[in-house]
Asker: 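The structure follows.
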Amino acid sequence: MEKIRIVVLDSYALCAGELCFARLEKMGDLRVYERTPQELAVERIGDAQIVLTNKVLITREVMEACKEIRYIGVTATGYNVVDVRAAAQRGIVVTNVPAYSTQAVAQHVLALLLHSLSHVANYDACVKQGKWISSRDFCFYDAPMEELSGKTMGIVGFGSIGQSVARIALAMDVHVLVHTPHPKPEWEERGVRFVSLDELLAESDILTLHCPLTEQTRGMLGKAAIAQMKKGVRVINTARGPLVDEEAMAHALQEGRVACYMADVLSTEPPAADNPLLQAPHTVITPHVAWAPRQTRERLLAIAEENVHAFLEGKPVHVVRA
């Protein structure tokens with residue numbers, strides 16, 4: 001019996017040289033590419049029936065050229081890289097991996113926030129530069145530090161990650177405001193207040209984004225929204241770069257209206273060299289790694305492989321619809 005043909009188009013971000021597709025190897029004839037330029041997608045898929053992708057686009061044209069495709073597995077939660085409507089028309093099953101990185105992203109939000117409040121990296125650098133050795137006192141001051149307790153955090157979006165961030169904030173004696181189309185009354189008993197976006201912008205000392213990127217949310221933190229915020233607000237974006245108008249945010253940082261902008265995502269990734277946030281003051285930017293602790297990637301890989309196994313068993317799970 002001919003083996004099923006499986007191709008992984010872009011394994012690097014998931015595997016990073018540490019993980020491998022051991023279970024997939026047992027399911028069929030497996031080919032793995034670390035990276036695939038878009039122009040090579042059709043050639044590398046060839047006659048494969050099962051395709052796994054993270055960022056390589058599987059368009060209608062790719063599907064029409066690769067007529068053997070029966071299954072497309074996205075090794076991420078977002079599946080906008082696949083033309084789901086075209087896949088449905090061709091009877092191709094498309095799956096994703098939902099909610100695998102909740103704790104990792106919430107942890108990263110906290111790491112960014114504590115970095116801006118306690119300046120641990122800055123003080124570590126000062127010590128290693130000899131400033132403590134030469135201090136006249138048992139301590140010395142460089143960057144001003146602030147307590148988190150008692151501040152107000154505004155959370156935009158309240159899916160699994162937003163809820164996890166809320167749990168952490170409440171545990172640290174932070175007041176929590178939430179703006180979401182779908183309030184959850186059970187959280188009100190825990191001290192969360194569901195408010196309009198205008199109220200959240202006006203009252204938050206810390207604002208953290210956990211909403212999807214849609215035509216309605218694109219650029220939601222622009223000049224007008226920033227003008228509504230408290231002076232000295234700290235803004236965190238671990239969701240999607242285009243939620244923020246980067247020119248407007250850079251200007252607000254220059255003016256001191258925003259105290260710190262902390263992001264794991266930018267409008268284009270990798271960023272353009274002239275991205276205004278790269279030169280703006282008071283920014284902390286990480287390279288889209290909030291989701292990427294090893295344990296998180298192991299979970300993602302295990303679910304992605306189980307998705308393929310379930311499909312081959314005729315019982316597909318985590319199927320996304322047009």
Side-chain angles (χ1 to χ4, degrees), residues 12-13 16-18 101-155 161 164-176 204-210 229-239 241 244 246 249-250 252-266 269-271 273 275-298:
Y12 173 75
E18 303 169 316
S101 62
T102 298
Q103 298 306 323
V105 177
Q107 171 182 304
H108 202 79
V109 170
L110 183 63
L112 292 169
L113 179 56
L114 294 182
H115 176 93
S116 78
L117 294 168
S118 296
H119 303 287
V120 172
N122 176 75
Y123 276 107
D124 173 65
C126 287
V127 169
K128 290 169 182 174
Q129 290 163 8
K131 293 183 180 180
W132 197 11
I133 293 170
S134 60
S135 173
R136 296 174 59 189
D137 304 293
F138 74 93
C139 68
F140 70 91
Y141 300 108
D142 186 72
M145 303 165 70
E146 293 188 36
E147 287 187 352
L148 177 57
S149 176
K151 293 190 183 301
T152 296
M153 175 183 283
I155 301 175
I161 295 173
S164 186
V165 170
R167 278 190 286 271
I168 293 170
L170 291 168
M172 300 190 77
D173 195 29
V174 173
H175 306 296
V176 176
S204 297
D205 302 300
I206 302 150
L207 191 153
T208 180
L209 299 177
H210 300 290
M229 296 180 191
K230 273 188 179 181
K231 184 175 172 60
V233 66
R234 288 172 163 83
V235 180
I236 305 170
N237 186 5
T238 55
V244 174
E246 293 173 338
M249 184 59 67
L253 289 161
Q254 292 280 359
E255 288 188 325
R257 180 162 193 85
V258 173
C260 186
Y261 181 65
M262 298 154 275
D264 188 53
V265 289
L266 291 175
E269 298 171 352
N275 185 303
L277 291 173
L278 299 182
Q279 304 303 323
H282 310 301
T283 61
V284 181
I285 300 173
T286 53
H288 207 141
V289 291
W291 66 281
R294 178 176 179 132
Q295 296 88 343
T296 313
R297 289 183 290 111
E298 287 174 343

Asker: Might you point out which heavy atoms bring Glu246 and Asn275 nearest each other, and give the distance in Å?
Answerer: OE1-ND2, 3.0 Å
Asker: Do the non-hydrogen side-chain atoms of Gln103 and Ser164 ever get within less than 4.5 Å of each other?
Answerer: yes
Asker: Could you measure the distance from the OG1 atom of Thr238 to the CH2 atom of Trp291? Nearest 0.5 Å is fine.
Answerer: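 Reported value, rounded in 0.5 Å steps: 14.5 Å.
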Asker: Is Tyr123 reaching over with its side chain to a backbone N or O of Asp142, donor-acceptor style, under 3.5 angstrom?
Answerer: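 Here the side-chain-to-backbone pair exists.
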Asker: Testing the basics here: between Ala259 and Gly232, what is the closest heavy-atom pair and its distance to 0.1 Å?
Answerer: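 Smallest heavy-atom distance, with atoms named: CB-O, 3.3 Å.
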Asker: Step through the shown structure and confirm whether more than 12 heavy atoms of other residues, nucleotides or ligands are within 6.0 Å of CD on Glu298.
Answerer: yes
Asker: Under 4.5 Å between any side-chain heavy atoms of Val109 and Ile161, yes or no?
Answerer: no
Asker: Just wondering, do Glu18 and Arg297 contact through their side chains at under 4.5 Å, heavy atoms?
Answerer: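 Touching, per the 4.5 Å side-chain cut-off.
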Asker: Considering residues, nucleotides and ligands other than His288, do more than 12 of their heavy atoms fall under 6.0 Å from its NE2?
Answerer: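 Counting neighbours around NE2 of His288, more than 12 heavy atoms of other residues, nucleotides or ligands fall under 6.0 Å, so yes.
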Asker: Hey, could you give me the OG/CE distance between Ser118 and Met145, rounded to the nearest 0.5 Å?
Answerer: 4.5 Å
Asker: Please check this pair: side chain of Glu255 against backbone of Ala252, looking for a donor-acceptor N/O pair closer than 3.5 Å.
Answerer: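 Not a single qualifying donor-acceptor pair exists.
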Asker: Quick check: are there more than 12 heavy atoms from other residues, nucleotides or ligands sitting under 6.0 Å from CD of Gln129?
Answerer: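 Result for CD/Gln129: enclosed.
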Asker: Checking His115 now: which residues fulfil side chain to side chain contact (heavy atoms under 4.5 Å, CB included) with it, not counting sequence neighbours?
Answerer: Ala121, Val284
Asker: Roughly how far, to the nearest 0.5 Å, is CG of Leu148 from CD1 of Ile168?
Answerer: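 Reported value, rounded in 0.5 Å steps: 11.0 Å.
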Asker: Considering non-hydrogen atoms only, spot the tightest contact between Thr208 and His210 and give its length.
Answerer: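 Smallest interatomic distance, heavy atoms only, reads OG1-NE2, 2.7 Å.
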Asker: Any side-chain donor paired with an acceptor under 3.5 Å for Thr286 and Asp264?
Answerer: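 On atom types as modelled, these side chains qualify, holding a pair under 3.5 Å.
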Asker: State, to 0.1 Å, how close Thr296 and Ala104 come at their nearest heavy-atom pair, and which atoms those are.
Answerer: OG1-CB, 3.4 Å
Asker: For the residue pair Val289 and His108, establish whether any side-chain heavy-atom pair is separated by less than 4.5 Å.
Answerer: yes
Asker: Give the minimum heavy-atom separation between Ala280 and Thr283, together with the two atoms involved.
Answerer: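 The answer is O-OG1, 3.6 Å.
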Asker: So how far is it from Met262 CE to Asn237 CG, rounded to the nearest 0.5 Å?
Answerer: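 Met262 atom CE to Asn237 atom CG measures 10.5 Å (nearest 0.5 Å).
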Asker: Are the side chains of Leu278 and Ile285 in touch, meaning some heavy atoms are under 4.5 Å apart?
Answerer: yes
Asker: Closer than 3.5 angstrom, by distance alone: can the side chain of Ser135 be matched with the main-chain N or O of Cys139 as a donor-acceptor pair?
Answerer: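 Judged by distance alone, yes, a pair lies under 3.5 Å.
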Asker: Show the nearest heavy-atom pair for residues Glu147 and Lys151, with the distance to one decimal.
Answerer: O-CE, 2.9 Å
Asker: What's the separation between atom CZ in Arg234 and atom CE in Met229, rounded to the nearest 0.5 Å?
Answerer: 14.0 Å
Asker: With rounding to the nearest 0.5 angstrom, report the CG to CD distance, Leu112 to Gln107.
Answerer: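 Leu112 atom CG to Gln107 atom CD measures 10.5 Å (nearest 0.5 Å).
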Asker: May I ask you to test the Met153-Met172 pair for a side-chain heavy-atom distance under 4.5 Å?
Answerer: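 A side-chain contact is absent here, since even the closest heavy-atom pair is not under 4.5 Å.
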Asker: Kindly check if the number of other-residue, nucleotide or ligand heavy atoms within 6.0 Å of CZ (Phe140) is above 12?
Answerer: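 Correct, the count exceeds 12.
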Asker: With heavy-atom distances below 4.5 Å as the criterion, would you say the side chains of Leu253 and Leu277 are in contact?
Answerer: yes
